[in-house]
Amino acid sequence: MSATGETLGPTPSTSGETPGDQRTALVGPHLPRRREATATVRRRGLDPVPAVLYLTVHMLGILVLAALCASQGKQFPPVLFSWDSDWYLQIAANGYDGVSPTMLDGHGHHHQGTAMAFFPGLPLAIRAVALLPGLDPPRAALLVNLAAGLVCAYGLVRLARLVTGSRRVGLVLVVLFSAAPMSVVLVMPYTEALFCALSVWALVGVLENRWSRAGLCCLAAGLIRPTGVVLIAVVVTAAVVALARGRSGRGPWAACLLAPLGTLAYLGWVAVRTGQPDGYFEIQQRGWSSSFDGGVSTARFVLETLTTDKDTFVTLTAWLVLCAVVLLVLCLHGRLPWPLVMFAALVLALALGSDGLMFSKVRLMLPAFPLLLPPALGLARRGGLTAIVSTTLFVCFGSWFSAYALAVWPYAI
């Protein structure tokens, strides 16, 4: 069901194509005008434009990062493979039991099982690709995230066409997502690229009633990072709504069964390894003091930052948190399809509701990509010089923010 009460079922063709030539989508209204636009997904050759846009924006970001590294007297490769990248590469190369004891948690300690705080999906993908001739784990990680980023780009175009009926909105969405602050982690050995790729195609599956795809993508995403619980909640809720509205068949049932398997499998494995039912959460709390406080710590950080003299990077982080909240309100006001709003809202709730490292909040909000749909639609509809200048400024800001966080900012991202 959409935000306007429409069901997740097929609608009549408006393009003259037969039902067998298309898969109709959950239809959402244009955000500013609230006009419904039915998107028809045609079978056609691969469109190179999303890939070109994605790669171009990230090439610019890499150039900015390289320039800032040079200005700071730092070597570029170590910066690109810093912070949590070390953990994922260590796990990919040596397994959980072979991680070097020099790898330390957030408190500067190394305990047995510390590495199990990191989900296995990305290390497994890196390890598999590293089996190819001439590839070591770092190069394999770059290849994995490159492929995942491109898959995500095409998913964003598909998602935007389903919601707005416009390919142009999808292309703008790709640019905004690729250039978002901290989007540099889409290139690094971090989980964001793989998780976002699986999430966007799971959401496309929900909107198109392709339940097996949604369930399988959700299962895989649950092996990538803890945020998989958000996608599980959305897919299972959408499947239950479909069943409640009289949808028969095995599809929604399959999605309900498949969606949580990845997360449950890993949490169960950690529980067996540690001998504690809550083993994963105990590792997280012991190593990184990460717990959910309902957003109290984040609210305190934003209020203190905006009322005292703070570093520019810290101030921008606080403003970006507020911008994300405003974008969520715009998504609600624009009556985006509820699965997208629910996904973005839950990602923000997890990111902002925890008392973890405040400087990681911008990175943790990156999977909330539906938040970028309102500005993407506004820029696509405006067009012309204003849209070009606005998008260019956003790309430049996002590239600088990402590069500064890695090359200049001394703390973890």
Side-chain angles (χ1 to χ4, degrees), residues 50-69 71-72 76 79-80 82-83 145-146 148-150 152-153 156-157 160 169-188 190-193 195-197 200 311-328 330 344 347-348 351-352 358-380 382 386-409 411-413:
V52 171
L53 291 174
Y54 181 85
L55 293 175
T56 300
V57 172
H58 279 290
M59 286 177 63
L60 175 63
I62 291 299
L63 290 174
V64 174
L65 176 58
L68 274 186
C69 286
S71 71
Q72 298 295 308
F76 173 70
V79 170
L80 195 62
S82 58
W83 301 116
N145 275 354
L146 173 63
L150 292 175
C152 183
L156 291 172
V157 173
V169 174
L171 297 178
V172 175
L173 181 60
V174 169
V175 173
L176 297 182
F177 175 73
S178 305
M182 290 313 304
S183 58
V184 67
V185 296
L186 298 173
V187 179
M188 299 170 64
Y190 269 69
T191 59
E192 275 75 10
F195 180 76
C196 288
V200 70
D311 183 273
T312 301
F313 183 80
V314 178
T315 304
L316 287 174
T317 298
W319 278 112
L320 288 171
V321 168
L322 292 178
C323 285
V325 176
V326 171
L327 287 175
L328 180 61
L330 290 178
V347 169
L348 285 189
L352 305 184
M358 291 297 129
F359 310 122
S360 296
K361 298 300 182 183
V362 178
R363 174 178 64 83
L364 296 175
M365 295 189 301
L366 192 61
F369 48 81
L371 297 179
L372 298 173
L373 272 168
L377 181 56
L379 289 170
R382 179 172 295 275
T386 301
I388 293 174
V389 172
S390 300
T391 305
T392 301
L393 289 174
F394 182 81
V395 170
C396 292
F397 171 74
S399 299
W400 170 83
F401 189 94
S402 295
Y404 188 95
L406 280 180
V408 182
W409 185 247
Y411 304 109
I413 59 170

What pairs with [X] under ring-ring contact (aromatic ring centres under 6.0 Å, His included), at least two apart in sequence or on another chain?
{"X": "Trp400", "answer": "Tyr404"}
{"X": "Trp319", "answer": "none"}
{"X": "Phe177", "answer": "none"}
{"X": "Phe369", "answer": "Phe343"}

Quick check for you: to the nearest 0.5 Å, what is the distance between [X] atom [atom1] and [Y] atom [atom2]?
{"X": "Leu156", "Y": "Cys152", "atom1": "CG", "atom2": "SG", "answer": "4.5 Å"}
{"X": "Phe359", "Y": "Asp311", "atom1": "CZ", "atom2": "CG", "answer": "8.0 Å"}
{"X": "Leu379", "Y": "Leu173", "atom1": "CG", "atom2": "CG", "answer": "11.0 Å"}
{"X": "Leu63", "Y": "Leu68", "atom1": "CG", "atom2": "CG", "answer": "11.5 Å"}
{"X": "Met358", "Y": "Leu352", "atom1": "CE", "atom2": "CG", "answer": "9.0 Å"}

Over all heavy atoms of both residues, which pair between [X] and [Y] is shortest? Give the atoms and the distance, please.
{"X": "Ala148", "Y": "Ala197", "result": "O-CB, 3.3 Å"}
{"X": "Leu406", "Y": "Ser82", "result": "CD2-OG, 3.7 Å"}
{"X": "Pro367", "Y": "Cys196", "result": "CA-SG, 3.6 Å"}
{"X": "Ser399", "Y": "Gly61", "result": "OG-CA, 3.8 Å"}
{"X": "Ala324", "Y": "Leu371", "result": "O-CD1, 3.9 Å"}
{"X": "Ala351", "Y": "Leu364", "result": "CB-CB, 3.8 Å"}

Quick one: side-chain contact (heavy atoms from CB on, under 4.5 Å) partners of [X], sequence neighbours excluded?
{"X": "Leu171", "result": "Val49, Pro50, Leu53, Val157, Arg167"}
{"X": "Leu150", "result": "Ala51, Tyr54, Leu55, Leu146"}
{"X": "Phe76", "result": "Ile62, Leu65, Ala66, Cys69, Leu80"}
{"X": "Ala67", "result": "none"}

For Phe313, does the CZ atom sit with more than 12 other heavy atoms under 6.0 Å from it, leaving out its own atoms? yes
Quick one: which residue pairs count as a side-chain hydrogen bond (donor to acceptor under 3.5 Å, both in side chains) with a foot in residues 359-368, not counting sequence neighbours?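 Sorted result for residues 359-368: Glu192-Arg363, Ser354-Lys361.
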Pairs under 3.5 angstrom only: tabulate donor-acceptor contacts from the side chains of residues 386-394 to other protein residues two or more places apart or in another chain.
residue : atom : partner : partner atom : Å
Ser390  : OG   : Thr386  : O            : 2.8
Thr391  : OG1  : Ala387  : O            : 2.8
Thr392  : OG1  : Ile388  : O            : 2.7

Set out, in order, the CA-CA distance, both residues' side-chain angles and the distance that settles side-chain contact (heavy atoms from CB on, under 4.5 Å) for Thr312 and Leu316, then state yes or no. CA-CA 6 Å; Thr312 301; Leu316 287 174; 4.1 Å; yes
Give the C-alpha distance, both sets of side-chain angles, the deciding distance and a yes or no for side-chain contact (heavy atoms from CB on, under 4.5 Å) between Met365 and Val347. CA-CA 7 Å; Met365 295 189 301; Val347 169; 5.6 Å; no
Listed pairs under 3.5 Å, donor-acceptor, residues 181-188 side chains, sequence neighbours left out:
residue : atom : partner : partner atom : Å
Ser183  : OG   : Ser178  : O            : 2.8
Ser183  : OG   : Ala180  : O            : 2.8

Does anything in residues 395-406 form a salt bridge (charged side-chain N to carboxylate O under 4.0 Å, His left out)? List the pairs, not counting sequence neighbours.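 Listed once each, the pairs would be none.
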